[in-house]
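The next block holds one structure in the form of structure tokens; read it before the comments.
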Amino acid sequence: MKKIINDPSDIMEEMLSGYISAYSRYYERVPGQNAVVSKERRKNKVALVIGGGSGHEPLFIGFVGKGLADAAAAGNIFAAPNPQLIAETAKAVHEGKGVLFVYGCYAGDNMNFDMAEELLQMDGIKTAHVRVWDDCASAPKERIQDRRGIAGDVYVIKIAGAACDAGLELDEVLRITEKARDNINTIGLATSPGSIPGLNKPTFELGEDDIEFGMGLHGEPGIERTKMKPANELVKRMYTELKKEMGLKENDEVAVLVNGLGSTTLLELNIVYHDLNKLMGEDKLIVHDAEIKRYCTCQEMGGFSITILRLDEELKKYYDTPCFSPYYARGEIK
Amino acid sequence: MKKIINDPSDIMEEMLSGYISAYSRYYERVPGQNAVVSKERRKNKVALVIGGGSGHEPLFIGFVGKGLADAAAAGNIFAAPNPQLIAETAKAVHEGKGVLFVYGCYAGDNMNFDMAEELLQMDGIKTAHVRVWDDCASAPKERIQDRRGIAGDVYVIKIAGAACDAGLELDEVLRITEKARDNINTIGLATSPGSIPGLNKPTFELGEDDIEFGMGLHGEPGIERTKMKPANELVKRMYTELKKEMGLKENDEVAVLVNGLGSTTLLELNIVYHDLNKLMGEDKLIVHDAEIKRYCTCQEMGGFSITILRLDEELKKYYDTPCFSPYYARGEIK
Amino acid sequence: MKSLTVEQTTDMIIKACDAIVENKPYLTEVDSKIGDGDHGIGMAGGMEKAKTMLTEKRPFPDINSVFKMTGMLMLNSMGGASGVIFGTMFLGGVKNIEPVIELDGHLMARIMRGSLDAIKERGKANLGDKTMVDALEPAVIALENGNKEDLVQLMKEAKDAAWQGVENTKNYIAKYGKAKTLGERAIGYQDAGATSVAIIFNAMYDYVESLAQS
Amino acid sequence: MKSLTVEQTTDMIIKACDAIVENKPYLTEVDSKIGDGDHGIGMAGGMEKAKTMLTEKRPFPDINSVFKMTGMLMLNSMGGASGVIFGTMFLGGVKNIEPVIELDGHLMARIMRGSLDAIKERGKANLGDKTMVDALEPAVIALENGNKEDLVQLMKEAKDAAWQGVENTKNYIAKYGKAKTLGERAIGYQDAGATSVAIIFNAMYDYVESLAQS
Ligand SMILES: Nc1ncnc2c1ncn2[C@@H]1O[C@H](COP(=O)(O)OP(=O)(O)O)[C@@H](O)[C@H]1O
Ligand SMILES: Nc1ncnc2c1ncn2[C@@H]1O[C@H](COP(=O)(O)OP(=O)(O)O)[C@@H](O)[C@H]1O
Ligand SMILES: [Mg+2]
Ligand SMILES: [Mg+2]
Ligand SMILES: [Mg+2]
Ligand SMILES: [Mg+2]
């Protein structure tokens, strides 16, 4: 496992410096903090702040931009950002209208963001948060708050950003963002591990022919370890889980994301979409939009996830607004 | 090596079907051909057609779009498209003003595109081509036409697209595109092999601690096999080669692309840019624009390349125009 | 020996930092089995920063500052679940205690009880949930029940209780952290955070013990 | 035996297709050593399509059509260097020859000479450049110099010459194709395209020989 890095203890510093200097057109840094701030951040509106552990790039730093998040707090590799970092990041973009935090639901993130909110509220800043728990393989529906946030983050951020742009009050932005979150589910599968940069270690072990359905982004176990199968069988199983979970039916309108976890190629992801599209067609879902991307990764982990966002007219309105970051641009929609 | 595919002989069909159906907003297919056509293709202008072997996604199909190519002919995995496919693709987008082909300089591509041009010229269609030979590790400058085309393709396509958009005649589009090509160099290094989809085979072999400077996208040897080193030493060596090759000096204005070859992560690529930016700063280059992306890949190959485009006022004008494809959007430039 | 000075307390915490840094690979391995493998990096990173600051900023006016400084640095550098939890382990106990310049068995027990309560308040984990609480709670009870007049013996009982707690975590299903989705599969593996607690208590005991020897 | 009918020629070419398909893994391995490893897939794909079409569309009016059909299918399905080169191997030789219904040694030599010239015109490679020319050119020379009255012996000499050509490619540095950047490092490895030529000639010989036996 060869990693193109320098001193492992400089990873965060150099990674952020590289990203921000390459895209200095769009970004600046919160002085002294591992945080990326949009140069075109919202004025006089609710600020959207995202964050989480690093190592999942482009998430989260790649989703700071116009129509997206105003800033991202970048935790250390696979570790939630600390409360001070989160609070400073929020202060850098707060415009007096409050701050909405969007992040994945993990024990570490929940506790650190909670502490940051306490700090901010002590300073008189209004805050709210939406924890993304889209991974339906990570816990049963009854314990939805135990579910992890994975690629569904992207859609929640997109819609939250559009709601902020619309100039709504914090509680209304919160309502819409929660509605988005509650209409998103994801299921993933892993074919090979990623690695922890700086350690020469795979994030988990998996037999030569084994895959794991529902595996989490850090190698957390999913619902079943099984044998590798052709793409269409894998996709069928994943789609079936999502359909059941979401109760999808004829004429439901959806946005779909096929997300590569790292080393799985666009060629393979395109084939996944081919298979998925066939199944959605058979069920007469209306695919409003689709993306085949690597948004939410775990280093060079192999595998992919499928995310479905069920749209209604309100969500679609926010989904369709233009946005731009180096990794997520919408705007040429006709 | 687990690949998420179905029957290997369906790879091309399913891959293209997946891509085109996901992005049906933007794309359609040339009936019966492995070709992607932009729904917003140019009217009454020189048509830009690109193509090459598949397996390098998002290149080439991901660079069809507004301001970019009108169509791409997708050859089989790692194999140039055949003459009929190329000719049919060109005919699908030809508007009476001629067709410019941009492709990487490989024996197979050269011969197939040449034959396609012969076929088109027999039908009275004006054609021209620009072969991209940016990989300065693949042959000495004296044998520039023996050099391979790698990530520099992206910049050539961008500028050719902008020149077509400007409504210029074919010979003028050709002149500008050649000028872009002649001001672009790339050097890559490989840390691990990709694989040929459908075969369970790595594209080349590399020792546990070995890397290869200048390795080609299909595992063609480069200039030296050596030991893995820290990122800054790798980058320094690559930058030094490029600087010498291009004669870069103080106040030269450049666009820079750090391109991941497949499994190398954005985290690592950001660190590469961090190191590169430092060296460019020491030399007082003016970085007009930078990108950290995975544009030109070879399946899950590990490693990266650095591409430098030297800009003058004319090239900058074409470089800066907006464009949009699902994988390459510019337009928020201020 | 009955108590430590502020300077000795500083040395003791620095020893705990060293022990965590030394055990980084071990903690990584433990967290890799059922977590995401970053616990060693996180803890070592936080405690290295704490050590640097403790070394630079010493001497401190009181025991409270030593614990607080350590906790703040961990909380605001580590991130992750363990940043909050272990930050709180050092921060939470001294929060409501007026400045003191002597660390005896009574104070140690009081601080650690305060830490435990704050951690349980923050993280909601209880005994048996396969977290660091499973090591900290028995250690706190040992501190509370032991002979406060013999600091060496008291700390020995605390660290033994912590290690026993680590052993116990092997029998539990995880309810918090990244292992919670493992269910039965987590059984047989010890919890990483609990291991860190035991390492810290172990190092504190070693320091106190060697101080008593000399 | 002196010559083949159109139907026999069709069978012979189908045998050549089969031989390439059977040798797909071998060709892959050869191309992997110093090329990009796709030669086996490419050749097998093209010749499988050719076989299907030859089987569906038979009988053909003349020898020319059999070669032309094979070449067109390879050219317009395979892509890559080998699509053009091997397409031309079947297309290029019959281009300027009036329709014939009998394939004898003279015609075989004339067709293959035409193919060779067209390939060299298209690809610019010469003997010693480590391409399929290194197998095809000696085979053509063998066809031209051999006894045209004995087709079996003539084809045997051609395939032997082709295999000898494959052997020779091991000593060469590549000037074309993806191995050209290898320089000295390509020495010791045979060329993939040359190997395909030898396999094709070998299969054609086998067919002619078994026909003569029966
Ligand atoms: N809610 C909680 N209460 C107490 N301890 C917890 C809680 N959640 C996690 N932990 C502790 O944190 C440890 C994991 O720390 P670490 O690996 O650094 O963080 P992360 O889980 O974010 O990767 C676990 O082994 C457990 O002991
Ligand atoms: N210019 C050329 N002239 C003759 N044969 C060539 C030429 N270029 C390549 N070849 C042949 O093609 C073979 C490679 O074919 P293949 O692997 O299918 O294509 P690619 O090189 O595009 O991957 C080489 O082994 C060589 O024999
Ligand atoms: Mg973690
Ligand atoms: Mg090839
Ligand atoms: Mg962990
Ligand atoms: Mg090849």
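Chain A is the first sequence line, chain B the second, and so forth, proteins listed ahead of strands; every chain is numbered from 1.
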Winner by heavy-atom pair count (cut-off under 4.5 Å) against chain B, out of [options]:
| options | answer |
| --- | --- |
| M15(A), E291(A), E300(A), M301(A) | M15(A) |
| I20(A), V287(A), V256(A), N232(A) | N232(A) |
| V235(A), T191(A), I292(A) | I292(A) |

- Taking L267(B) as the fixed residue, which of E57(A), H56(A), M12(A) is the one that meets the side chain to side chain contact (heavy atoms under 4.5 Å, CB included) rule?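 Going through E57(A), H56(A), M12(A) one by one, the side chain to side chain contact (heavy atoms under 4.5 Å, CB included) with L267(B) is satisfied by E57(A) alone.
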- Query: Going through the checks in order, is the side-chain contact (heavy atoms from CB on, under 4.5 Å) test met by M228(A) and I4(B)?
  - Reply: CA-CA 9 Å; M228(A) 184 63 184; I4(B) 298 157; 3.9 Å; yes
- Message: Whether the side chain of K2(A) engages the backbone of D210(B) through a donor-acceptor N/O pair (distance < 3.5 Å, no angle test) should be reported.
- Response: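 Yes, because the side chain of K2(A) sits within donor-acceptor range (under 3.5 Å) of the backbone of D210(B).
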- Task: Would you confirm whether N6(B), through its side chain, and A231(A), through its main-chain N or O, come within 3.5 Å as a donor-acceptor pair?
- Result: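 Judged by distance alone, yes, a pair lies under 3.5 Å.
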- Item | Top of D10(B), L234(B), I11(B), T297(B) for chain A proximity - count of heavy-atom pairs under 4.5 angstrom |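 Of the candidates given, the most pairs with chain A belong to I11(B).
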- Item | residues 269-279 of chain A: residues contacting chain B (heavy atom under 4.5 Å, by number) |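 The stretch touches chain B at N270(A), I271(A), V272(A), Y273(A), H274(A), D275(A), N277(A).
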Other residues, nucleotides and ligands only: do more than 12 of their heavy atoms fall within 6.0 Å of [atom1] on [X]?
| X | atom1 | answer |
| --- | --- | --- |
| K236(A) | NZ | no |
| K43(B) | NZ | yes |
| E205(A) | CD | no |

- Query: So, do T265(A) and K3(B) sit near enough that their side-chain heavy atoms are less than 4.5 Å apart?
  - Reply: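 A side-chain contact under 4.5 Å exists here.
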- Query: Under a 4.5 Å heavy-atom cut-off, does chain B meet the side chain of T264(A), its backbone, both or neither?
  - Reply: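 Side chain only.
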- Query: Y23(A) versus chain B, heavy atoms under 4.5 Å apart: side chain, backbone, both or neither?
  - Reply: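 Only the side chain of Y23(A) comes within 4.5 Å of chain B.
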How many angstroms lie between [atom1] in [X] and [atom2] in [Y], if you round to the nearest 0.5 Å?
| X | Y | atom1 | atom2 | answer |
| --- | --- | --- | --- | --- |
| M280(B) | S21(A) | CE | OG | 7.5 Å |
| E14(A) | E268(B) | CD | CD | 12.5 Å |
| L266(B) | L59(A) | CG | CG | 11.0 Å |

- Query: Any idea which heavy atoms bring A329(B) and A329(A) closest together, and the distance?
  - Reply: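 Looking at all heavy atoms of both residues, the closest pair is CB-CB, 3.8 Å.
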- Under the side chain to side chain donor-acceptor pair (under 3.5 Å) test, which residues partner R41(B), sequence neighbours left out?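 Scan of R41(B) (side chain to side chain donor-acceptor pair (under 3.5 Å), adjacent residues dropped) gives E28(B).
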- Under a 4.5 Å heavy-atom cut-off, does chain A meet the side chain of S263(B), its backbone, both or neither?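 The answer is both parts of S263(B).
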